[in-house]
There are 2 protein chains.
Amino acid sequence: MQSEQELTDLPLSDQVYAKVRELLRDGAFVSGQRISEAEICDRFQVSRTPAREAIRRLLNEGFLTTVESGRIIVAPIDIERAEEIYDMREAVECLAAKLSAKKATTKDLIELRGILDEQRRGATDETDFLDINDRFHRCVYKIASNRYLLRSAEILLVSAGMIRGTTQGRYDYNTWSLKDHEEIYQAIEDGNTTAAEDAARRHVRRGRMQRISLLKTLSSV
Amino acid sequence: MQSEQELTDLPLSDQVYAKVRELLRDGAFVSGQRISEAEICDRFQVSRTPAREAIRRLLNEGFLTTVESGRIIVAPIDIERAEEIYDMREAVECLAAKLSAKKATTKDLIELRGILDEQRRGATDETDFLDINDRFHRCVYKIASNRYLLRSAEILLVSAGMIRGTTQGRYDYNTWSLKDHEEIYQAIEDGNTTAAEDAARRHVRRGRMQRISLLKTLSSV
DNA sequence: TATCCTAATAATGTATACGAAAAATACAAA
DNA sequence: TTTGTATTTTTCGTATACATTATTAGGATA
């Protein structure tokens with residue numbers, strides 16, 4: 001829940017939750033793969049209680065799914081689910097941008113610009129790029145300061161990141177991503193809510209097209 | 001997770017979750033009130049494990065909040081939180097209406113119209129009215145068929161329902177609520193996505209004004 | 001009476017124990 | 001080989017035990 005807390009002094013269930021989500025994001029857990037409590041216990045050396053709680057939360061947030069008879073698997077992201085993610089993401093990112101444009105303080109703008117500068121300097125590798133990208137979006141969420149939005153946006157950001165097939169063709173993404181982020185930033189700085197919303201919408205839609213086409217080439221193989 | 005399931009064959013944690021949420025909605029648990037595991041165990045005659053899981057989910061969804069040193073209370077809904085709820089709700093309800101207008105089948109329309117007819121016939125009392133109201137919205141969510149939207153919208157619907165101070169002045173709400181629902185329905189039937197979005201937006205904003213002013217009169221007392 | 005120290009109490013995080021239900025496996029018979 | 005059945009194993013839901021930490025209460029002293 002608290003974001004700035006050291007991971008080690010959080011309850012084990014939260015640590016496990018965070019670590020599993022990381023594994024999901026990094027593709028160590030793949031679509032459709034079965035997840036059992038015992039496996040989580042083994043892997044993270046915790047007892048069933050925190051493992052259970054982490055799994056239940058991941059289920060609730062849509063990262064995992066229950067199949068017939070209670071078995072749990074990593075939620076497969078097919079085109080249908082990807083469209084659900086992006087439909088929702090568009091609504092949520094637009095709101096985030098709009099609220100940020102309304103509420104951003106000077107300090108907020110400095111922080112956001114800092115992340116943008118980092119992105120401009122260029123990422124060392126793909127993971128780094130994705131990190132910076134996520135930080136930008138999370139910063140916007142923070143500025144929007146809406147707890148319900150935050151919860152949703154966070155989940156959707158990670159879920160969208162899980163849509164991938166091949167890693168290739170993802171890095172040049174940086175070119176338009178940077179331009180989009182600059183646009184969003186500018187609108188927020190200007191306090192122009194509709195411009196912010198529009199920029200966010202375009203950004204999400206570009207991401208959507210890219211990801212969906214990625215899925216399509218994959219499923220046709 | 002599955003909606004049509006008998007409550008009794010769901011895991012205890014889900015049953016407890018549902019029951020606590022009901023108590024919250026009905027005002028049996030009030031803002032700021034402390035909630036302890038033991039209390040939940042006592043009240044529902046379950047052991048700590050399911051009680052814990054229910055509480056964690058309620059925390060995660062924003063119904064409960066952690067205060068200093070891990071104490072858990074019913075999240076107080078002040079004006080700030082109410083605005084967060086309604087800002088987010090506007091985005092989510094608009095999306096729900098839009099998607100429904102795009103996807104609704106004849107069968108969907110029949111079901112939705114059925115609820116509307118019920119509302120037209122009038123509710124017997126306030127609880128009944130709220131039930132019908134919720135059913136209408138849930139039906140729209142279902143038609144939109146987006147899992148991420150559903151989770152969010154459901155939480156926001158209940159959260160918004162928890163904004164209340166006095167019960168008075170809530171019942172005449174029915175007059176404009178019905179009109180709004182009819183508008184939303186019509187747009188969905190027409191497959192007019194922008195009209196659906198607009199109708200939903202107006203509806204949410206009306207609810208927002210009403211609830212916020214309710215809170216304001218309360219806090220000024 | 002106010003304050004501080006200590007003991008008791010309660011609450012939460014974590015681990016483990018138990019039971020039921022489902023799945024997998026092994027083995028026998030057709 | 002296939003099928004059917006019995007047995008073993010896994011997995012999960014639930015309960016409870018243990019440990020640690022925070023909170024409260026009581027009593028002694030200034």
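Per chain, numbering begins at 1; letters A, B, ... match sequence-line order.
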Notebook entry, point to check: With sequence neighbours left out, what residues match F63(B) under ring pair (Phe, Tyr, Trp, His ring centres under 6.0 Å)?
Noted result: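 Not a single residue meets the ring pair (Phe, Tyr, Trp, His ring centres under 6.0 Å) criterion with F63(B).
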
Detail all sub-3.5 Å separations between protein N/O atoms and N/O atoms belonging to nucleotides 19-25 of chain C.
residue : atom : partner : partner atom : Å
dA23(C) : OP1  : S69(A)  : OG           : 2.9

Next item on the list: Tell me which nucleotide among dT16(D), dG13(D), dA15(C) gets nearest to the side chain of S47(B).
Entry: dT16(D)

Checklist line | Identified side chain to side chain donor-acceptor pair (under 3.5 Å) counterpart of E90(A) within the set R205(A), R208(A), H203(A) | finding: R205(A)

Whole angstrom is fine here: how far is it from [atom1] in [X] over to [atom2] in [N]?
X: E37(B); N: dA15(D); atom1: CD; atom2: P; result: 13 Å
X: D14(A); N: dT12(C); atom1: CG; atom2: P; result: 15 Å
X: F44(B); N: dT14(D); atom1: CZ; atom2: P; result: 15 Å
X: I72(B); N: dT23(D); atom1: CD1; atom2: P; result: 13 Å
X: Y17(B); N: dG13(D); atom1: OH; atom2: P; result: 17 Å
X: I40(B); N: dA10(C); atom1: CD1; atom2: P; result: 18 Å
X: R52(A); N: dA15(C); atom1: CZ; atom2: P; result: 15 Å
X: L10(B); N: dC12(D); atom1: CG; atom2: P; result: 17 Å

Check: Between the side chain of Q15(A) and the main-chain N/O of L10(A), is any donor-acceptor distance below 3.5 Å?
Finding: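 Here the side-chain-to-backbone pair exists.
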
Check: Checking D108(A) side chain against I143(A) main chain: does a donor-acceptor pair fall under 3.5 Å?
Finding: no

Notebook entry, point to check: Between the side-chain atoms of S36(B) and the base atoms of dA11(C), is any donor-acceptor pair under 3.5 Å?
Noted result: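 No such pair is found, so the answer is no.
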
Next item on the list: Report the distance from atom NZ of K103(A) to atom CD1 of I188(A), rounding to the nearest 0.5 Å.
Entry: 12.5 Å

Next item on the list: Using the six-membered ring of F136(A), assess whether NZ or CZ of R138(A) lies under 6.0 Å from its centre and within 45 degrees of the ring axis.
Entry: no

